[in-house]
Peer 1: 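Sharing a structure with you now.
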Amino acid sequence: MTEQGVGASLLRKEDDRLLRGRGQFVGDVRLAGMKDVAFVRSPLAHARVGEIRIPDSCRSQVFIAADLEGVKPIVAVSGLAGFKVSEQPVLAFEKVRQVGELIAMCVGDTRAKAEDVAACVEVDLAELPAVHDMLKAREGDSALVHEHWGDNVFLETFVDVGIEAAFDAPIKVSREISTARQSMAPMEGRGTVAYWDSRMEQLVLYTGSQMPHIVRTGLAECLGLDHAQIRIISPDVGGGFGYKGILLPEDVCLGWLAMRCGHPLRWIEDRREHLTAGANCREHHYRITAYADRDGKLRGIDCEATVDSGAYSSYPFSACLEAAQVASILPGPYDFPAYRCRTWSVATNKCPILPYRGVARTGVCYALELMLDAIAREAGLEPHEVRLKNLVKPEQMPFDNITKKHFDSGNYPEALERALAAMDLKAVRERQKHPEPDGRLIGVGHSIYCEQAAHGTSVYSGWGIPMVPGHEQATARVTPDGGLELRVGVHSHGQSMETTLAQVAHEILGIDIAKIKVVHGDTEYTPYSTGSWGSRCAVMAGGAVATASREIAGLAKRIGAHLLQADPNDVAVAQGKVVGPTGSVTFEEIAHTWYLRPQDLPMSVDPRGLESTIGFKPVRDSGTFSYAAHVALVAVDPEIGDIEILDYVIVEDGGKLINPMVVDGQIYGGLAQGIGTALYEEMNFDASGQPLASTFADYLLPGPTEVPAPRVDHMETLSPYTEFGVKGIGEGGAIAPPAAIGNAVNDALRPYGAELLRSPMTPRRVLEAISAASKEKSTEAEREEAA
Amino acid sequence: MKPVNFDYARPADVGAALALLADDSLSVKLMAGGQSLGPMLNMRLVQPDLLVDITGIEELKRVEEQAGEIVLGGCITHADIEDLRVPDVTCGALPSVARGIAYRAVRNRGTVGGSLTHADPSADWLSILSALGAKVTLRGPSGNRTIPVEDYMLGALEADLRPGEMLVSVSVPKLSRSARWGYYKSCRKTGEFAHAIGAFLVDPDRGVSRAVIGATESRPIVIAEASHLVGDGRAERLDLAFDGQATGAAVEAAGMTDPIDRQTHVVALRRAIERAHSA
């Protein structure tokens, strides 16, 4: 490791701008003549659209589906057998299928005036029964979201690996476990600014996106444009988490109108739009049975999982990614012999589901880890004893699990043991023997998961969704003054890549970080990429930058060797110089010669100069497996139902860490979101499909006083397949907390015999669980008395 | 989320504000701190023709100490009370409760009168001022009238304001040296709206014993004679007299049928009593 290279906890280059309030987000874009857009959105979850009346006074400012001639709906098909296709209209016609669905686009000089126009538009809606409960939606008599399907199932999957062999296990535990629907709630919402550049004959669209190139591809399809006619600029992005990984109908609307209206347009999502029209993740339901031996050895898992996929299949991830993934990742980091899982991706009258940080893993981890604790209680064992019996062991690595997931490396038992040692489990058990002075109950719980990241062609070609990642490309270019430009198609929505990718290039070339500029977030400047998702950037873009940097090193050595009058085989690149047997020459001198003094170079000079665009794929593209053990210590107030997190330990293994401080940041942020899932965040819907929270007064996010400072410990087991042995870790922090906190709460509630199996674990749910358990106890006592 | 177009006025005295309120041809809305009204305007839940900002009225920022009570102008902020810019006559009750209202940014602008008039059931002032036996004074075309705080609230988000009337002040009785009070609120997170509040005051020298269960669906439940819950107020531990079942029955009689809500609210009152403070 050098001071600025891979492994250095460098302060972030981008913070100079961001922390001084000088970042430029979509909402900061100001263009001459720009007008604002507000949308008329459906107030109903499911209705036939009748007449739309627009007063003559504002007819020219309002656009409805009938106006959008030639615009195609958003379609994201999965190649999995049996997948049913939905067409998401850009503006609704015939039917609306979710509250908040776009009906009309209204233009005004200001947002307030655009909202005035929107308020004048009258829409006749004939309400239809809403499909709001994903389990009832699967029943034969349910109303239908897409009538021509005949049912409400996007996709059903089934896998059975010898489950019958588990049926004679002495321990059989069955539970119904579920997680609530959530909003991703990035600090910056969505936003779009669009205009037509008549010189370039190009639609320029600013949109806060994790995946600018994919937005361009999707937009080109919907608008019938050539790719070259569209430029997507994703400027600074204030958090994405998956929500900024999709093509929005709003983008298509603004793009269409910007090509025709002669002035720039802007739409900035407000928080009410985000909450009511965009609660788009996490809603899972599990009926799950675990089979085990008395010693805690898992014999098999049998599961029926349902995911509420919402009304449409969103582009590009599709409606089935979440549920179908449940089947393949439910076994988690465990090695057991029998498995059966059936999944349903169910269409409902809610907004389309999107992959949120951790994707299906947060729900899966919650379900499976609660089951392991239930087994432990049944077997009379400590929960960690059950886990240690079943975790994949380091000597099994690399390991192919029961669903053929390929674990690249790791020592899972060590992570768990280190975490428990840090929490001092024995001391907690001792403390639990005595009542707390404040009457609260103490509980400790843990969870462990693995996070497949940067999975590539071999995995995604199987899903058959519109986007399959291949080689990730980077452009590296030495500037005439010896600086380095890196151009990548991934984009940072908080990942710190302006720093970390520069560290990767520095590691190879030794050019000072201050002279390395990362360019991303603009389709005009960067190589095509599927973008930032799936915790892939460190592995894929990092790998691409490393590869391109090595190319640059080779090119620079040839020129440098000539300048040094040395044999190219006798020179090396170090500290921003080419060093030969008798002297050295800086990148600045090499670049100056190539660009400005070509007369000093021989005819045989490599015409590629000092620039390289090259792709990278890991040795195996089935993904890296990072993992972590989380341990939570909680206090539960059995009278009011409050839960306080007293202590939190994370032992994490992300392979080689490019910048450990950045990784810590990723873990802190993920933990905060995981605590939100565990304790606070929930979008409820009533029976007519109305979302019941429209502000942060009703949709609770954890704040600074609700998120403890975790104690984080790192392990570094290198991946054998990637540059430097790095693994993707972007999502992990958000995966384990609901399970760890859930197990801690259930541990605290053991004296009552109560168990909570639904997140978020609200005060009401705590009290209901206690009340249900005490009713069960008294019924049991009555039965015994009667006997 | 931008408000409708409205006119704005900032009168200098109550008379001028009342004159603006009297115009029947306009929909007029008074704004004090704007901490609830601001978001409501943006969400177009309120669409006034005229917004009358009353924070420029000196009388509404005045504090007057009288023999048995202190009179706070309606535009006294939560932070004025928290920071003791307003003399405390409540053995610490008001400053202590003020400190727990929402966040400091809200407390800097939010006002006592605005909070009571907004009539959100989960607001702190409503519960603690009801427990302390405070009154509000309203001024309108036919002069002043003074009513107990708990009567000022008619229901959720509905205050007893007659046409053309506005709140001008809140009178808080001075507690005696023997007084003890308690306040407990249960929130999902720091600064969030409460889902249960318990508040009480015993002031044996003044013969007062009041208990309040707040953050209900509507008006707080006020037990104006609460000696059966807290004893005579002179015992060292007041909570020994607390009767949870009787409180539960009173809460149920007031219309709270959900057993978990009831439990939470009864516990909140018991904890308020357990945490009794004195001068």
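These numbers were taken from a predicted model, which means no experiment stands behind them. Naming: A, B, ... by sequence-line order, numbering from 1 per chain.
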Peer 1: Please walk me through it: do A/Arg266 and A/Thr192 pass side chain to side chain contact (heavy atoms under 4.5 Å, CB included)?
Peer 2: CA-CA 6 Å; A/Arg266 170 173 72 174; A/Thr192 308; over 6 Å; no

Peer 1: Non-hydrogen atoms of chain B under 4.5 Å away: do they reach the side chain of A/Pro704, the backbone, both or neither?
Peer 2: neither

Peer 1: Indicate whether the side chain of A/Glu706 and that of B/Thr190 have a donor and an acceptor atom separated by less than 3.5 Å.
Peer 2: yes

Peer 1: Do any of residues 633-644 of chain A have a heavy atom less than 4.5 Å from a heavy atom of chain B, and if so, which, in residue order?
Peer 2: A/Asp637, A/Pro638, A/Glu639, A/Ile640, A/Asp642

Peer 1: Run the side chain to side chain contact (heavy atoms under 4.5 Å, CB included) test on B/Ser115 and B/His78 for me, step by step, so that the C-alpha distance in whole Å, both residues' side-chain angles and the decisive distance to 0.1 Å come before the verdict.
Peer 2: CA-CA 10 Å; B/Ser115 170; B/His78 316 326; 4.3 Å; yes

Peer 1: Does any donor atom in the side chain of B/Thr257 or B/Glu252 lie under 3.5 Å from an acceptor atom in the other side chain?
Peer 2: no

Peer 1: Judged by modelled atom types alone, do A/Arg758 and A/Ser178 share a side-chain donor-acceptor pair under 3.5 Å?
Peer 2: yes

Peer 1: Please classify the contact between B/Ser186 and chain A as side chain, backbone, both or neither, with a heavy-atom cut-off of under 4.5 Å.
Peer 2: side chain

Peer 1: Flag the pair B/Glu150 and B/Arg210 as a salt bridge only when some basic side-chain nitrogen lies within less than 4.0 angstrom of an acidic carboxylate oxygen.
Peer 2: yes

Peer 1: Pick from A/Arg271, A/Arg111, A/Glu115: which one has the most heavy-atom pairs with chain B under 4.5 Å?
Peer 2: A/Glu115

Peer 1: Name the member of A/Ala697, A/Gly703, A/Pro702 that forms the most heavy-atom pairs with chain B at distances under 4.5 Å.
Peer 2: A/Ala697

Peer 1: Does any backbone or side-chain atom of B/Pro3 lie under 4.5 Å from a heavy atom of chain A? Answer side chain, backbone, both or neither.
Peer 2: backbone

Peer 1: Under 4.5 Å heavy-atom distance to chain B, tell me which part of A/Tyr680 shows up: side chain, backbone, both or neither.
Peer 2: both

Peer 1: For the pair A/Trp267 and A/Phe39, name the ring-plane relationship: parallel under 30°, tilted 30 to 60°, perpendicular over 60°.
Peer 2: perpendicular

Peer 1: Answer with side chain, backbone, both or neither: which region of B/Tyr184 has an atom nearer than 4.5 Å to a non-hydrogen atom of chain A?
Peer 2: side chain

Peer 1: Heavy-atom pairs under 4.5 Å with chain A are the metric here; pick the option from B/Gln263, B/Met43, B/Glu192, B/His265 that has the most.
Peer 2: B/Met43

Peer 1: Using ring centroids (six-membered ring only for Trp), state whether B/His277 and B/Tyr183 fall under 6.0 Å.
Peer 2: no

Peer 1: Are the side chains of B/Arg109 and B/Thr77 in touch, meaning some heavy atoms are under 4.5 Å apart?
Peer 2: no

Peer 1: Please look at B/His195 and chain A and tell me whether the side chain, the backbone, both or neither of the residue comes under 4.5 angstrom of a heavy atom of that chain.
Peer 2: side chain

Peer 1: Which region of B/Asp261, side chain (C-beta onward) or backbone (N, CA, C, O), has a non-hydrogen atom less than 4.5 Å from a non-hydrogen atom of chain A, or is it both or neither?
Peer 2: both

Peer 1: Yes or no on side chain to side chain contact (heavy atoms under 4.5 Å, CB included) for B/Leu94 and B/Trp125, after CA distance, side-chain angles and deciding distance?
Peer 2: CA-CA 8 Å; B/Leu94 291 189; B/Trp125 288 137; 3.6 Å; yes

Peer 1: Hey, which of B/Thr264, B/Asn42, B/Ile260 has the most heavy atom pairs under 4.5 Å with chain A?
Peer 2: B/Ile260

Peer 1: Checking the side chain of A/Gln690 only, and the main-chain atoms of A/Pro43 only, is there a donor and an acceptor separated by less than 3.5 Å?
Peer 2: yes

Peer 1: Report, in residue-number order, which members of residues 767-776 of chain A are under 4.5 Å from chain B by heavy-atom distance.
Peer 2: A/Leu767, A/Glu768

Peer 1: Using heavy-atom distances under 4.5 Å, tell me whether A/Thr695 contacts chain B through its side chain, its backbone, both, or neither.
Peer 2: side chain

Peer 1: Is there side-chain contact between A/Glu250 and A/Val37, with at least one heavy-atom pair below 4.5 Å?
Peer 2: no

Peer 1: Using non-hydrogen atoms only, which part of A/Ile268 is less than 4.5 Å away from chain B: side chain, backbone, both, or neither?
Peer 2: neither

